[in-house]
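Each remark here refers to the structure printed beneath this line.
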Amino acid sequence: MMDTISSSSSGPKEHDGPVLKVAGLTKSFIVHAHGDLALPVLRNVALAVSPGECLALVGPSGAGKSTLLRSLYGNYRADAGSIRVHHDHAWAELVGAEPRTVLDVRRRTMGFVSQFLRVIPRVATVDVVAEPLLRLGADPAEARDRAEFLLALLNIPQHLWQLPPATFSGGEQQRVNIARSLIVDYPILLLDEPTASLDAGNRDRVVELIGQRRDAGSALVGIFHDVGVRELLANRVFEVSP
Amino acid sequence: MKPLLSVRGLSKRFGTRVACRDVDFDLWPGEVLGIVGESGSGKTTLLNCLAGRLTPETGSVTYNSAAYGTVDVHDLSEARRRLLSRTEWGFVNQDAREGLRMGVSAGANIGERLMAVGARHYGDIRRTASDWLDRVEIERGRLDDRPTTYSGGMRQRLQIARNLVSEPRLVFMDEPTGGLDVSVQARILDLLRSLVGSLHLSAVLVTHDLGVARLLTHRLMVMQGGAVVEDGLTDQVLDDPQHAYTQMLVASILPV
């Protein structure tokens, strides 16, 4: 039985119905260096996710699963449509939003677990993990405690906590990244292959942690190539077609 | 909430050459805006126009001052603008020698800014200056040395301390890591990153280095030939660039 994480942050909000609503989402890439070549990826995507749900994006490689996930986070710019997020007791529209609106949604409402950690030079692992909580104004000592708790839970050896993660293995970096993304109880969590480079033991631990978030009322959208992981986490699938 | 800085229709030419063309944007409190582009794209000229160091031909720069309310930066008297730049603003030059007084000690360089915002007690000023040397990772024992005896990286850190000691509301930075060794750059980036976070600074940062922009800024404006060709959230502009020029810039980064 794993320890249950208790958090000092506010946690997922009580809300009936979906907290993420997508309609008419359309996205192409235009490559100017190749004669303005247009690569249409998403056309008219509509989906909705409610608290406690985990929606798995499925489809063949190249179908646009990652593009959809990155568009939801505002990392890719949608051409048309609507991405609405329940944020601060209201609906925030992310398509065409000001950068500060997107950043505020990311700080408080919507987290993203990517496959790869973007390493910040010279910053210790424990501080990399604690940062999202500090940005919400958490007490530094509490943020650090919670970062250490998550690092221990994710089997990052204690002697590595004070080192920058630049030299860590792929699996260790991915777990640092997961700790960083789970340190805040985001009401919405986007997951891009969260277990891709993990061994079986660590994969099970990560699946358990993410499942706890879902059961606690976070709304999850993820890409899980591992069918076993998908079956454990997802309660619905969304087919992304090219 | 009001923008800290509002820029409308700003254009600046040197003779017949257009350096900035019709620039519009708002900077909100707590935002770090990066201006990126190649040499000659007009980014430093724009920065100098924002800070009142150059006068644009057309357009306005409105600043929401703590002391004076909303002011047009280019309508202020020279004296008032200088006061503002010493009390509410900071300006970090690429070349630290331009931002420091090379003939006086490090302590005096930091102390001067404190006195501009009203500090008078010698012991307090010295203590704060010494704390700031520590904060920017310069030995406290170097407090009475002149910056002429410092290395390039130390000078840049001293310039940052001088500018941030008075906790300005708005900081302009022109290539703050330009011309430094990469290991020295990493140290300064880490320093700026933590200071920007802990002091909740608003800043406008000019850089040609997209890695620096990714690390330090919230949003970006991409300039080409004096015009802003693209703007948006930093990771979005870098990961999904829309304009042909931005796509070319991003595609030109060497992988390591």
Side-chain angles (χ1 to χ4, degrees), chain A residues 27-39 41-42 66-79 83 94-107 112 114 116 118-124 127-128 130-138 140 143 164 166 192, chain B residues 1-4 25-34 137 177 182-194 196-198 200 202 211-212 214-221 224 229-252 256:
Chain A
K27 165 74 186 163
S28 309
F29 293 99
I30 311 289
V31 188
H32 293 291
H34 293 273
D36 297 348
L37 175 71
L39 303 167
V41 182
L42 305 173
S66 278
T67 298
L68 173 54
L69 206 61
R70 284 165 172 263
S71 299
L72 297 181
Y73 198 56
N75 179 228
Y76 285 175
R77 185 186 290 205
D79 302 331
I83 299 168
L94 296 188
V95 176
E98 293 278 340
R100 61 201 176 100
T101 304
V102 179
L103 290 175
D104 191 49
V105 166
R106 288 182 183 179
R107 263 193 286 268
F112 191 101
S114 64
F116 304 104
R118 196 174 282 285
V119 175
I120 305 158
R122 291 197 358 131
V123 181
D127 296 324
V128 168
E131 190 182 62
L133 200 51
L134 287 172
R135 278 200 305 240
L136 290 176
D192 189 357
Chain B
M1 195 163 67
K2 282 162 88 172
L4 201 55
F25 72 91
D26 289 322
L27 181 77
W28 294 86
E31 271 188 335
V32 179
L33 167 70
E137 302 178 32
T177 59
V182 284
S183 60
V184 179
Q185 274 192 26
R187 203 163 169 186
I188 286 174
L189 287 174
D190 177 31
L191 173 69
L192 283 173
R193 198 173 161 278
S194 65
V196 162
S198 61
H200 303 288
S202 307
V212 170
R214 189 185 290 268
L215 206 58
L216 291 180
T217 69
H218 298 123
R219 47 185 275 235
L220 286 183
M221 296 199 310
Q224 181 193 24
V229 295
E230 178 163 356
D231 69 281
L233 197 64
T234 295
D235 62 89
Q236 186 260 298
V237 170
L238 296 180
D239 294 339
D240 184 19
Q242 310 285 312
H243 191 275
Y245 179 70
T246 318
Q247 290 187 356
M248 186 278 290
L249 281 183
V250 171
S252 304
V256 283

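Please read all numbers here as calculations on a predicted model, not as lab measurements. When reading the values below, keep in mind they use all heavy atoms of this one structure, side chains included, and skip hydrogens, waters and symmetry mates.
- Counting heavy atoms from C-beta outward, B/D26 and A/R100 have side chains that stay 4.5 Å or more apart.
- Atom-to-atom distance recorded for A/L103:CG and B/D235:CG is 7.5 Å, nearest 0.5 angstrom.
- In this structure, the side-chain contact (heavy atoms from CB on, under 4.5 Å) partners of B/V229, at least two apart in sequence or on a different chain, are B/V222, B/Q224, B/H243, B/Y245, B/T246.
- The most heavy-atom pairs under 4.5 Å with chain A, out of B/R219, B/R193, B/M248, B/Q236, come from B/Q236.
- For the salt bridge (Lys or Arg N to Asp or Glu O under 4.0 Å) with B/D240, the qualifying choice from A/K27, A/R70, A/R77 is A/K27, the only one to do so.
- The CZ atom of B/R187 sits 5.5 Å away from the CZ atom of A/R122 when rounded to the nearest 0.5 Å.
- Under the rule for a side-chain contact (heavy atoms from CB on, under 4.5 Å), the partners of A/D127 that lie at least two apart in sequence or sit in another chain are A/V123, A/A124, A/R144.
- The nearest pair of heavy atoms linking A/P99 to B/G232 is CG-C, 4.0 Å.
- Using a 4.5 Å cut-off between heavy atoms, A/Y73 does not touch chain B at all.
- Here the closest heavy-atom approach between residue A/I30 and residue B/Q247 is recorded as O-NE2, 2.7 Å.
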